[in-house]
Amino acid sequence: MKVGIDLIHFATSDYFLGLDTFAKEKGTDVNKYLIGIGQEQMSIAPPDEDIVTLSAKAAAPILEQIDKQKITAVLFATESGVDQSKSAGAFLHGLLGLPKRCRVVEFKHACYAGTAALQMANTMVKANPKEKILVIAADIAKYDVDSSGEATQGCGAVAMLVKENPRILTIEPGSGYYTDDVMDFWRPNYRTTALVDGKYSTKVYLNSLKQAWEHFVEETDRHFDEIDAFCYHIPFSRMTEKAHKTLIKKVKADVSNEKFKEQTLAGQTYNRVVGNSYSASLFIGFCSFLDNAAQDLGNKRFGFFSYGSGCVAEFFSGIIQPGYQQHLMTASHQTQIQSRQALSYKEYLNFYHQADTDADNITFPRYNKGLFRLEAIRDHIRIYEKQAL
Ligand code: COA
């Protein structure tokens, strides 16, 4: 039975901070960002945007194309949860008017959780082909001001419809996985910003890639040369280059510069300007590859490496379905990115601090230009607004 991603769409916020603006503010050479970490811009969420509104923006165009009453589950992956108890998916379920006969649950393990949700959905459809599952991966990456992580913020949400006979990607059986209890990146419950040991995190990421790959090969007997393109988790775009070089060295492959680019480059176009979106990042990279590849990807095998600090990693593969181009939402992705408004550093800081509120009663100014926004918090209850078209 073929199961996988039938439709995929991502959303990001209406604002960005250019790393040129950032470099000027910090008195740093802009090439550290453009070349050193491979980032040009980062999407910044205003205070009336959160993972619920981002995911509603991501999912709505998918639901417009199907009978949404047939959705059987919402599996919501995030590490930017808005409530310690209620799942973000339940808020989303209400905003999108999904059927009551539906299961909703939140998944967490740093940037890995989106893959966990996708694999769970894959298994559920295999157990019952009637299942039509909405998988969401949504996050807002936030670090302390003046920390090394500040340049690698961003935000985004990806919605994926997982079902039998998918039109975009079939997920192949077998994968390689790896877990190690390490402290490379974490966010205690009392903090709104993450703590990271960036250099150590990069090392753990690359080691996890080698371990997950070894397991993948043992489990599937698939080899490097049988994979046409690679999507890696992207905390910052340059990480793709580090990861692919590491894998090539491990398998002792001979890959020309041109081939290297063909295997990885199209997957970075969006992430370079959206920034890190934690659990969504791998899948925004996948959207980027599908939308920006020069060649027809039909029947090509993709390798996916998912990494969540802390750490859990998985390498899996899938086959792009012929005719997938007809089902892409490229124009929506590109319009969103192009129509974002640039922020000055001061305006960014204003959003940054306002979004940090722990008030139990607050009405947010209107910044979010999308159909869904966080209007207020009243008596500790989050009030979302769905604007008329
Ligand atoms: N021109 C070109 N390259 C430059 C440069 C310039 N003017 N200045 C610096 N660089 C390069 C450095 O040589 C370095 O390259 P390398 O990685 O090949 O060594 C790179 O830019 C980064 O510079 P560095 O001094 O190491 O930056 P930093 O101390 O600010 O740390 C990160 C960068 C990415 C580690 C940091 O932003 C971070 O921790 N981000 C969070 C990472 C994360 O999210 N991890 C968890 C999930 S996987």
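For this chain, numbers begin at 1 and follow the sequence in order. Whatever order the structure lists ligands and atoms in, that order sets their numbers, starting from 1. The shown structure was predicted, so the numbers you read here are calculated from the model rather than taken from an experiment.
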Original post:
Only one of Gln325, Gln334, His333 forms a side-chain hydrogen bond (donor to acceptor under 3.5 Å, both in side chains) with Asp291, so which one is it?
Top reply: His333
Original post:
So, Phe315 versus Phe304, ring centres under 6.0 angstrom or not?
Top reply: no
Original post:
In chain order, what residues pass the side chain to side chain contact (heavy atoms under 4.5 Å, CB included) check against Ala342, with sequence neighbours excluded?
Top reply: Phe16
Subject >> Test side chain to side chain contact (heavy atoms under 4.5 Å, CB included) applied to Gln295 - qualifying residues, sequence neighbours left out >> reply: Glu262, Ala293, Leu297
Subject >> For ligand 1, the residues whose heavy atoms come within less than 4.0 Å (ordered by chain, then number) >> reply: Asp29, Asn31, Lys32, Gly36, Ile37, Tyr143, Ser148, Gly149, Thr152, Phe185, Val196, Gly198, Lys199, Ser201, Pro235, Phe236, Arg238, Lys242, Asn276, Tyr307, Ser309
Original post:
Which residues pass the salt bridge (Lys or Arg N to Asp or Glu O under 4.0 Å) test with Arg340, sequence neighbours left out?
Top reply: none
Original post:
More than 12 foreign heavy atoms under 6.0 Å from CG of Asn128: is that the case here?
Top reply: yes
